[in-house]
There are 2 protein chains.
Amino acid sequence: MASVSSTPSTGQATGQVTRPATSGEPLRGYAKGRLRREEILDTARALFGEVGYRSASLREIAARCGISHPGLLHHFPTKEALLEAVLQRRDAVSEERFGVIRARGTEALRALVEIVAANVAEPGEVELYCVLSAESTAPDHPAHQYFTDRYVTTRANLERSLREAAEDGDLRAGVDPSVHAPIVVAVMDGLQVQWLLDRDSPAPTDMPAALRAHLNTLLTHPL
Amino acid sequence: MASVSSTPSTGQATGQVTRPATSGEPLRGYAKGRLRREEILDTARALFGEVGYRSASLREIAARCGISHPGLLHHFPTKEALLEAVLQRRDAVSEERFGVIRARGTEALRALVEIVAANVAEPGEVELYCVLSAESTAPDHPAHQYFTDRYVTTRANLERSLREAAEDGDLRAGVDPSVHAPIVVAVMDGLQVQWLLDRDSPAPTDMPAALRAHLNTLLTHPL
DNA sequence: CCTACCGATCGGTAGG
DNA sequence: CCTACCGATCGGTAGG
């Protein structure tokens, strides 16, 4: 009860008083603010993934957090600032999960399959990425530059992994890394749409299995 | 001037009088209505592709057609009815273009590459498909069932083409049509996102070339 | 963090 | 096809 250890997404129901006159530790207020920020980011990510950035309303996000929409604007001054924070946190999380690995060649490809497998347990992440990447296709979208840049670096990372695989003799003859890097990215993105559409069906798209099958067509021996 | 032969998308500027008292042919009024309908569908397709269905407004579509938004609602009673008409026409056009071909095995795959090549000249079609398919991922979206069904039949068609290729000895050993059909669909969808994002860059994604390269990894001899 | 408000915009209807 | 209007909702601000 005294320590704040609940996850951001469930931090709403804690029965803490609003202003305990002459509180014990001065960090309390900031800690509570950070918690609220995280809760808002979780909620915003979910709604952006459900209906896209443009159709998501600050009022709906705020209501899901149990605050007013001017209350939300106290933490994030504009809707675009909220979007930026959501995308920045997304990058931080994926770097934490992927950047640490930093494997070489086929090992990196194997890690990629693992990441896709983990995404199945995080449909919110997949929705956000899928819906926002398509929406940001419009040149005037606030996330247009973000996704443009992101695809450049994602393709470059994959191209490097494929080149390393070639050096190690793991790549089939005639497979050009610069040609097939964007294709592997396309496979991952395209599978997400199909999976989001049929994930509740009796036979949903098996994203990690399909990605592995695709990568195996490029390699001399299966992953 | 007497005959109505301009394309739907440019039918706006014809200087026809609104009501030529005691007009010559009775079909005139209907012909004009059909023209206006087509113009509305073209415009709606464009705006749905630019900002998605939810964020598109009837007022903006109507304004681009030079009419009021109740005027638009005279032709399509609700926003959902307009969306349905846009999707139905899309199907009619692609059937006309693809259904007639009805090629077998690798010939069908070659035709697929041709369709993707043609899409580069029709960015409006690509935008519509890309943005709406992602948006319709939400279960309550009015086009959710449409896209769910569409992917089922698209995968089935592709699986059949791959099976035929296998029968003809054109498929590499170990390539399972039921596994790779959804992957080919994913490649096409994923390439569209990348192309829409970088189509104005110095080196845009070459969708038909990439699709051909992908299909060639599945076949015993290149397309 | 709140209430109260701003001007703008939404899909759809009334009535002609 | 039009004008005029409905109730609802939008992002953001004022002022506390």
Side-chain angles (χ1 to χ4, degrees), chain A residues 11-21 23 28-40 43-44 47-48 50-86 140-143, chain B residues 11-12 14-21 23 28-40 43-44 47-48 50-86 135 140-143:
Chain A
Q12 176 191 351
T14 62
Q16 296 181 341
V17 290
T18 308
R19 60 179 73 93
S23 96
R28 249 293 186 79
Y30 292 119
K32 194 185 164 195
R34 267 195 299 270
L35 262 187
R36 184 64 88 181
R37 257 183 76 99
E38 288 300 311
E39 185 190 2
I40 293 171
T43 310
L47 193 62
F48 289 164
E50 287 171 29
V51 302
Y53 169 74
R54 278 191 249 246
S55 293
S57 81
L58 298 179
R59 281 170 167 87
E60 173 68 18
I61 296 167
R64 291 189 187 185
C65 295
I67 61 176
S68 67
H69 91 275
L72 188 157
L73 288 167
H74 167 75
H75 296 277
F76 303 94
T78 66
K79 193 183 180 186
E80 281 198 24
L82 177 57
L83 174 63
E84 272 173 42
V86 167
D140 65 319
H141 192 282
Chain B
Q12 176 191 351
T14 61
Q16 297 181 343
V17 290
T18 310
R19 62 179 72 92
S23 94
R28 249 291 188 79
Y30 293 118
K32 195 187 164 193
R34 268 195 299 271
L35 262 186
R36 183 64 86 182
R37 257 183 79 98
E38 289 300 311
E39 185 189 1
I40 292 171
T43 309
L47 193 63
F48 289 162
E50 287 171 29
V51 302
Y53 168 74
R54 278 191 248 246
S55 293
S57 82
L58 298 180
R59 281 171 166 86
E60 172 68 17
I61 296 167
R64 291 191 187 185
C65 295
I67 62 177
S68 67
H69 90 275
L72 189 156
L73 288 167
H74 167 76
H75 295 277
F76 303 95
T78 66
K79 193 183 180 185
E80 282 198 23
L82 178 59
L83 174 63
E84 274 174 40
V86 167
E135 193 183 27
D140 65 319
H141 192 281

**OP:** Check every nucleotide of DNA chain C for an atom under 4.0 Å from a heavy-atom of chain A, then give the first and the last such nucleotide from 5' to 3'.
**Re:**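 Contacts span dC1(C) to dC5(C), reading 5' to 3'.
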
So [X], base contact, sugar-phosphate only, or nothing? Heavy-atom distance under 4.0 Å.
{"X": "S68(B)", "value": "base"}
{"X": "L73(A)", "value": "base"}
{"X": "A81(A)", "value": "nothing"}
{"X": "A62(A)", "value": "nothing"}
{"X": "P77(B)", "value": "nothing"}

Would you check if the side chain of [X] reaches a backbone N or O of [Y] as a donor-acceptor pair within less than 3.5 Å?
{"X": "R36(B)", "Y": "C65(B)", "answer": "yes"}
{"X": "E135(B)", "Y": "Y53(B)", "answer": "yes"}
{"X": "K79(A)", "Y": "S57(A)", "answer": "no"}

Atom pair [atom1] ([X]) and [atom2] ([Y]), whose distance is rounded to the nearest 0.5 Å:
{"X": "R54(A)", "Y": "H141(A)", "atom1": "CZ", "atom2": "NE2", "value": "5.0 Å"}
{"X": "H75(B)", "Y": "E39(B)", "atom1": "NE2", "atom2": "CD", "value": "9.0 Å"}
{"X": "D140(A)", "Y": "E50(B)", "atom1": "CG", "atom2": "CD", "value": "8.5 Å"}

Subject >> E80(B): salt bridge (charged side-chain N to carboxylate O under 4.0 Å, His left out) partners, not counting sequence neighbours >> reply: none

**OP:** Would you please enumerate the stems DNA chain D participates in, each stem being three or more consecutive Watson-Crick or G-U wobble pairs with both distances under 3.5 Å?
**Re:**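 Stems found: C:1-16 with D:1-16.
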
Subject >> Salt-bridge criterion met for R34(A) and E38(A) (N-O under 4.0 Å) >> reply: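 Salt bridge flag = no for E38(A) with R34(A).
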
